[in-house]
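Position 1 is the first residue of the sequence; numbering continues from there. What you see is a predicted model; the values in this text were computed from it and never measured.
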Amino acid sequence: MKKLDSLFRGKKPPYIACVINDTDVHALDKKSLDVADVIELRIDMFEDLSLNHIRNTCEVAKDRFDKPIIATVRDIKEGGAKEITDRLRLYESAMPFADFIDVEINSSAILNGVRKALNGRFLIGSYHNFQSTPDDDFLYEIEKKGRLAGVDIVKIAVTAKNRDDLIRLMLFTLRHKDKGIITMSMGEEGAPSRIISTVFGSLMAYGFVSKPSAPGQLSISQLLEIFKLIKLR
């Protein structure tokens, strides 16, 4: 996996990622995001999806917050805010200002199009399941599919129905920690994973500053407080 040290100015993982939309970019002051190491711009959550607005918002975010940026246009089938017919064009508009591009592993055509235009940026291949935690064979196959597609980091977000689901995902994380992996278990049973996954090797923990973007998500301030308590910071 490509090195992240220079991008994060020598800081080691786990990194705190803050999820924001276009309203946040223009309304939040810089200090409110001091805790975050990286910003995820959820473009599918933008109120205005015109290409000019996306470019302007990404540029403002880069200038105002001076942090690495993840550009995400989430597919509605995997938790996206709305149906978007030409997501690749939106990715291309954001790409000049992004350091990471997040595309679903199962969105093969868009993933391939983004990969061809990366120009040194990190590619996150993601998988989201809001109903369950698939069996281990499925998790291994989705990870393998992402690697074969050329992603740098595999991100897996699934829903735990019981404690065994949570444990299985954490063991999966541990086995893949040297490849570049981000994992989280959503829902009440999976809530501990927001912290525990980073102990097992997940590169990032996702938090919010205004409102959660996924079930069980903690605020970035809560993440930092817990990280300090367990000596991850």
Any donor-acceptor N/O pair, Tyr15 side chain to Leu203 backbone, under 3.5 Å: no
Contacts satisfying salt bridge (Lys or Arg N to Asp or Glu O under 4.0 Å) that involve residues 95-119 (not counting sequence neighbours) are Lys62-Asp99, Arg74-Asp102, Arg74-Glu104, Arg87-Glu104, Asp102-Lys155
Is there any salt bridge (Lys or Arg N to Asp or Glu O under 4.0 Å) pair reaching into residues 38-48, and which pairs are they, with sequence neighbours excluded? Arg42-Asp44
Co-members of the apolar cluster containing Met186 [side chain, <4.5 Å]: Phe130
Pair listing, side-chain hydrogen bond (donor to acceptor under 3.5 Å, both in side chains) test, anchored in residues 189-207, at least two apart: none
Examine distances only and state if a side-chain atom of Arg233 and a backbone atom of Pro14 form a donor-acceptor pair shorter than 3.5 Å. yes
Pairs in or reaching into residues 11-22: which pass salt bridge (Lys or Arg N to Asp or Glu O under 4.0 Å), with residues at least two apart or in two chains? Asp5-Lys12, Lys11-Asp37
Pairing residues for Pro192 by the side-chain contact (heavy atoms from CB on, under 4.5 Å) criterion, not counting sequence neighbours: Leu166, Ile196
Check ion pair Glu59-Arg55 (N to O, under 4.0 angstrom): no
Closer than 4.0 angstrom, basic N to acidic O: yes or no for Asp165 and Arg168? yes
Taking side chain as C-beta onward, heavy atoms only, is Val38 less than 4.5 Å from Ile69? no
Side chains of Leu4 and Phe100 in contact at under 4.5 Å (non-hydrogen atoms): yes
